[in-house]
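Written out below as structure tokens is the structure these notes cover.
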There are 2 protein chains.
Amino acid sequence: MFDIDIQSRIPIYEQIYNKVIELIIKGILVENAQLPSVRNLSKELNVNPNTVAKAYQELERSKIIYSLSGRGSFVSEIDREKMKERILEDFDICVRETLQFGLTKDELKNRIDGVSL
Amino acid sequence: MFDIDIQSRIPIYEQIYNKVIELIIKGILVENAQLPSVRNLSKELNVNPNTVAKAYQELERSKIIYSLSGRGSFVSEIDREKMKERILEDFDICVRETLQFGLTKDELKNRIDGVSL
DNA sequence: TTATGTGTACTAAATGAGATATTACACATA
DNA sequence: TATGTGTAATATCTCATTTAGTACACATAA
């Protein structure tokens with residue numbers, strides 16, 4: 001569920017951050033659902049607790065989750081559209097970078113069809 | 001011409017690498033055109049010569065440029081389609097990451113129209 | 001030949017982000 | 001009371017990136 005890629009150039013804490021967003025958007029983590037505890041998730045991922053804590057703190061700063069001392073961390077009120085918007089803004093950057101190389105928007109659109117998960 | 005972003009999380013040598021590709025794709029650097037010398041470009045960018053050299057060496061490894069000892073570095077034979085393909089493969093990764101969040105291909109395609117350089 | 005400009009190689013050091021190790025504290029709750 | 005929670009703090013390690021400096025071999029024009 002929280003699989004991460006140690007090889008990736010994307011920092012672990014950022015992968016966790018993104019994973020939580022992904023799970024929320026997909027409806028797997030619903031409003032007020034409790035996230036795995038820092039210590040449990042760190043064991044599950046074979047990662048230092050500080051790393052998970054950092055991800056959770058960033059998520060809280062973004063108001064995506066809220067953490068209660070002694071209780072745990074939970075999913076905030078969800079505005080799916082706002083979350084999607086945030087993802088799409090990252091996508092914009094990628095598109096912009098690609099266009100910069102001189103490719104056309106049509107080439108990009110056609111390309112999307114061929115992409116498979 | 002070779003503007004780079006010191007703030008970026010993308011390494012300088014990689015920005016230079018990408019810049020050269022961009023200039024080739026756009027037809028600004030044509031076949032057998034000479035690149036700025038390692039020392040000159042390093043001065044222009046306020047960057048260590050080693051950093052430029054690293055970019056050039058990577059470009060040569062990729063057969064995008066060729067370097068002649070004592071002469072300089074030059075643009076290789078160009079297969080624009082192959083270069084585009086390489087760019088698009090990076091784009092694929094980005095698309096895949098975005099789809100992973102649960103967005104649809106149509107949402108992505110529509111989004112592209114709104115992007116401006 | 002000489003001077004200058006080219007790529008290349010090498011070693012050493014500085015930097016910074018990321019991750020780890022460890023301990024500790026305050027809080028909630030069964 | 002015991003256990004589990006988030007949080008904080010400090011020190012350390014690792015690694016990629018970048019810098020600094022020097023040196024060598026080659027090409028070429030003066």
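We name chains A, B, ... by the order of the sequence lines, and we start the count at 1 in each one.
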Do you know which two heavy atoms are closest between [X] and [Y], and how far apart they sit?
X	Y	result
B/Ser42	B/Asn48	CB-C, 4.0 Å
B/Leu99	B/Leu103	CD2-O, 3.3 Å
A/Ile78	A/Met83	CG2-SD, 4.1 Å
A/Phe101	B/Ile25	O-CG2, 2.8 Å

Inset, instruction - Grab the CD-P distance between A/Gln57 and D/dA9 for me, whole Å please. - result: 10 Å
Legend entry - salt bridge (charged side-chain N to carboxylate O under 4.0 Å, His left out) against A/Glu14, all qualifying residues, sequence neighbours excluded: B/Arg9
Legend entry - Qualifying residues under salt bridge (charged side-chain N to carboxylate O under 4.0 Å, His left out), relative to B/Asp113, sequence neighbours excluded: A/Lys109
Legend entry - Sequence neighbours excluded, every pair satisfying salt bridge (Lys or Arg N to Asp or Glu O under 4.0 Å) that has a member inside residues 81-94 of chain A: A/Lys84-B/Glu107, A/Glu85-B/Arg111, A/Asp92-B/Arg111
Inset, instruction - Scan residues 36-46 of chain A for pairs that pass salt bridge (Lys or Arg N to Asp or Glu O under 4.0 Å), counting only residues two or more places apart or in two chains. - result: none
Legend entry - Donor-acceptor contact present, side-chain A/Gln100 to main-chain B/Glu22, <3.5 Å: no
Inset, instruction - Mark yes when over 12 heavy atoms from residues, nucleotides or ligands other than B/Lys63 sit less than 6.0 Å from its NZ; otherwise mark no. - result: no
Inset, instruction - May I ask you to check whether over 12 heavy atoms, not counting those of B/Glu77, lie within 6.0 Å of atom CD? - result: no
Inset, instruction - Give the cluster check for A/Ile87 versus B/Ile112: same hydrophobic cluster or not, with ILVMFWY residues linked at side-chain heavy-atom distances below 4.5 Å. - result: yes
Inset, instruction - Only counting residues at least two apart or in another chain, list the ones meeting side-chain hydrogen bond (donor to acceptor under 3.5 Å, both in side chains) with A/Arg61. - result: none
Legend entry - Residue pairs fulfilling ring pair (Phe, Tyr, Trp, His ring centres under 6.0 Å) with at least one residue in residues 2-34 of chain B, sequence neighbours excluded: none
Inset, instruction - For DNA chain C, just give me the dot-bracket, please: Watson-Crick or G-U, both distances below 3.5 Å, ( ) intra-strand, [ ] crossing earlier pairs, | paired with another strand, . unpaired. - result: ||||||||||||||||||||||||||||||
Inset, instruction - Give, ordered by number, those residues of residues 60-71 of chain A having at least one heavy-atom distance below 4.0 Å to an atom of DNA chain C; if nothing qualifies, reply none. - result: A/Ser69, A/Gly70, A/Arg71
Donor-acceptor contacts, no H, no angles, side chain residues 64-73 of chain B, under 3.5 Å, sequence neighbours left out:
unit_1: B/Tyr66; atom_1: OH; unit_2: B/Asn32; atom_2: OD1; d: 2.8
unit_1: B/Ser67; atom_1: OG; unit_2: B/Ser73; atom_2: OG; d: 2.9

Inset, instruction - With a 4.0 angstrom cut-off to heavy atoms of chain B, pull out the first and last contacting nucleotide of DNA chain C, in 5'-to-3' order. - result: C/dG5 to C/dC10
Inset, instruction - Give me the residues of residues 38-54 of chain A where at least one heavy atom lies under 4.0 Å from an atom of DNA chain D, by number, or none. - result: A/Val38, A/Arg39, A/Asn40, A/Asn50
Inset, instruction - Using a cut-off of strictly less than 4.0 Å between a heavy atom of the residue and any atom of DNA chain D, enumerate the qualifying residues of residues 5-17 of chain A by number. - result: none
